[in-house]
2 protein chains.
Amino acid sequence: MKLGEGVEAAIHCASMLASVEGDATMPGAAMAESFGLSPSYLLKHLNMLSAARILESVPGPAGGYRLARPAERITLLDIVLAVEGREPAFRCGEIRRNGPVKLDASAYVKPCGINAAMLKAERAYRAALAETKLSDIVADYATEGDPRSFAASCAFVARHQRPQKSSSILQPPKQT
Amino acid sequence: MKLGEGVEAAIHCASMLASVEGDATMPGAAMAESFGLSPSYLLKHLNMLSAARILESVPGPAGGYRLARPAERITLLDIVLAVEGREPAFRCGEIRRNGPVKLDASAYVKPCGINAAMLKAERAYRAALAETKLSDIVADYATEGDPRSFAASCAFVARHQRPQKSSSILQPPKQT
DNA sequence: GGGAAGGTACTCGGATATGACCTGTCCGAGTAGGAACGG
DNA sequence: CCGTTCCTACTCGGACAGGTCATATCCGAGTACCTTCCC
């Protein structure tokens, strides 16, 4: 019953990526600097998020990461499952049938009651995570959080985000 | 997000101990044999349960383990917390303040919204575990489980439980 | 024969090796941008 | 002056060590029962 600390980093990065405009990207090194983490290690978790289709990665000098879909359609459950794996925390090893007395396999067709109870609790856990969207986190941070911290985050995002070439068609790169 | 397999063993042992009569005890080695586990390792988990006042241990040749209170007053949450520890699974490292830009400490008085959301989910998890009593597990096993498996468990308990000296006053040990 | 003392066997309890997983780091593949060169 | 080519710098991605915790095991402390000895 212990979550890796990569979960915290992943959620923070995702909520930061929710603040970038349009299809602009943000390098993983910038986010690592923002949270005081090892860049190479953070890449590992961001890679898991992109493998789960939560983030998109763009290679190249102007590359980075961005959300693969709007923040309203990303839940905390998506992020936690992507980083920690989709298997339930409690795995029934069916130790009840490991005893010396060997019963017929037909005696174990009914699922283990303990397993059912543990999985019911885990469904409640996942349901609570699923009803919290990433947009809720961002909105709560904007309204409830300290204005100074929020302003600093916005400035950091504006400084490090990299607009993409396709978006530069909409906005001419230079006005002369 | 992964529970140790000792949790499963602990719950199975506790539900087995719920079937012993009165203040009789059952040795840990018997339960280890019943589930095909390493006796020495199972003792470790049973020791944690007795440290949490869920089980009582009696040393000596007629010793063993028994429930410290009725099964109606033991929940799955008690067992899980005793084995896995009481700390929440998600630990907020406050990485938001680890960045290069140093804000005043007053900017972080409000708790992290991510931490609040994760803890809310964990409260739901624990609440679901807390509403399942050990007596429910046993009753469900007696009614829903396979009769052959239930009979085998009862026979195993009757064969390995050790009545205590104080109870032998109520039931004379030998009838001649 | 009765009681007491000693020995034995069985139990739990803690201290000690081993292994797997998470953590942390490094180097390589790929691409966009810019500079240099030729037309 | 414009287009093409090459180069460089920056990015992600996967492969490689180290640390920490769960797993597994062994040996010691303690107690009840049994045997033996003494009265």
Side-chain angles (χ1 to χ4, degrees), chain A residues 1-10 13 17 24-33 35-51 55-66 83-85 87 89 91 93 95 160-168 173-174, chain B residues 1-10 13 17 24-33 35-51 55-66 83-85 87 89 91 93 95 160-168 173-174:
Chain A
M1 199 57 192
K2 194 182 61 173
L3 273 70
E5 72 180 72
V7 177
E8 183 183 7
C13 288
L17 287 174
T25 63
M26 173 170 273
M31 292 187 279
E33 179 194 2
F35 298 121
L37 301 175
S38 169
S40 303
Y41 185 42
L42 184 61
L43 266 288
K44 191 182 184 66
H45 296 301
L46 295 177
N47 195 7
M48 290 180 181
L49 291 179
S50 50
L55 301 185
E56 285 178 349
S57 66
V58 177
Y65 291 94
R66 68 178 163 226
V83 176
E84 290 288 324
E87 293 84 31
R91 298 148 298 168
I95 63 174
H160 287 281
Q161 69 179 355
R162 310 284 186 196
Q164 294 300 296
K165 191 166 57 179
S166 58
S167 73
S168 61
K174 290 186 178 181
Chain B
M1 198 57 192
K2 193 182 61 174
L3 273 70
E5 73 180 71
V7 177
E8 184 182 7
C13 289
L17 288 174
T25 62
M26 172 169 275
M31 292 187 277
E33 179 194 1
F35 298 123
L37 300 175
S38 169
S40 303
Y41 185 42
L42 184 62
L43 266 288
K44 189 182 184 65
H45 296 301
L46 294 177
N47 194 8
M48 290 179 182
L49 291 178
S50 50
L55 302 184
E56 285 179 349
S57 66
V58 177
Y65 292 96
R66 68 179 161 225
V83 176
E84 290 288 324
E87 292 83 31
R91 297 148 297 170
I95 62 174
H160 287 280
Q161 69 179 354
R162 311 281 186 200
Q164 294 302 295
K165 191 167 55 177
S166 58
S167 73
S168 63
K174 289 186 179 181

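Within every chain, numbering begins at 1; the chains are lettered A, B, ... in the order of the sequence lines, protein sequences first and strands thereafter.
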Per [X] side chain, nearest of listed nucleotides [options]:
{"X": "A:Lys2", "options": "C:dT31, D:dG13, D:dC21", "answer": "D:dC21"}
{"X": "A:Ser38", "options": "C:dT25, C:dT11, D:dC12", "answer": "C:dT25"}
{"X": "A:His45", "options": "D:dT23, C:dC21, C:dT23", "answer": "C:dT23"}
{"X": "B:Pro27", "options": "D:dG13, C:dG13, C:dT11", "answer": "C:dT11"}
{"X": "A:Ser40", "options": "C:dG24, C:dC26, C:dC12", "answer": "C:dC26"}
{"X": "B:Glu5", "options": "D:dC10, D:dT23, C:dG13", "answer": "D:dT23"}

Nearest whole Å is fine: how far is [N] [atom2] from [X] [atom1]?
{"X": "A:His160", "N": "D:dT11", "atom1": "NE2", "atom2": "P", "answer": "11 Å"}
{"X": "B:Leu42", "N": "D:dA22", "atom1": "CG", "atom2": "P", "answer": "17 Å"}
{"X": "B:Leu43", "N": "C:dT16", "atom1": "CG", "atom2": "C1'", "answer": "16 Å"}
{"X": "A:Lys44", "N": "C:dC22", "atom1": "NZ", "atom2": "C1'", "answer": "9 Å"}
{"X": "A:Asn47", "N": "C:dG28", "atom1": "CG", "atom2": "P", "answer": "19 Å"}
{"X": "A:Leu46", "N": "D:dG14", "atom1": "CG", "atom2": "P", "answer": "13 Å"}
{"X": "B:Arg91", "N": "C:dC22", "atom1": "CZ", "atom2": "P", "answer": "12 Å"}
{"X": "B:Tyr41", "N": "D:dC21", "atom1": "OH", "atom2": "P", "answer": "15 Å"}

- Item | Side chain to side chain, A:Glu5 and B:Ile95, heavy atoms closer than 4.5 Å | no

- Message: Is there a side-chain contact between A:Lys2 and B:Arg91 in this structure, where contact means two heavy atoms from C-beta onward sitting under 4.5 Å apart?
- Response: yes

- Task: Kindly write out the residues that satisfy salt bridge (charged side-chain N to carboxylate O under 4.0 Å, His left out) with A:Arg162, not counting sequence neighbours, or none if the list is empty.
- Result: none

- Task: Using heavy atoms to find the nearest nucleotide of DNA chain C for A:Pro39 and B:Gly60 separately, return the residue whose nucleotide is more 5′.
- Result: B:Gly60

- Note on the structure: Residue pair B:Ala62/A:Pro61 against DNA chain C: nearer the 5' end by closest nucleotide is B:Ala62

- Nearest-0.5 Å distance that lies between atom NE2 in B:His160 and atom CE in B:Met26: 6.5 Å

- Item | Expected output: side-chain B:Thr25 to main-chain B:Ala62 donor-acceptor under 3.5 Å | yes

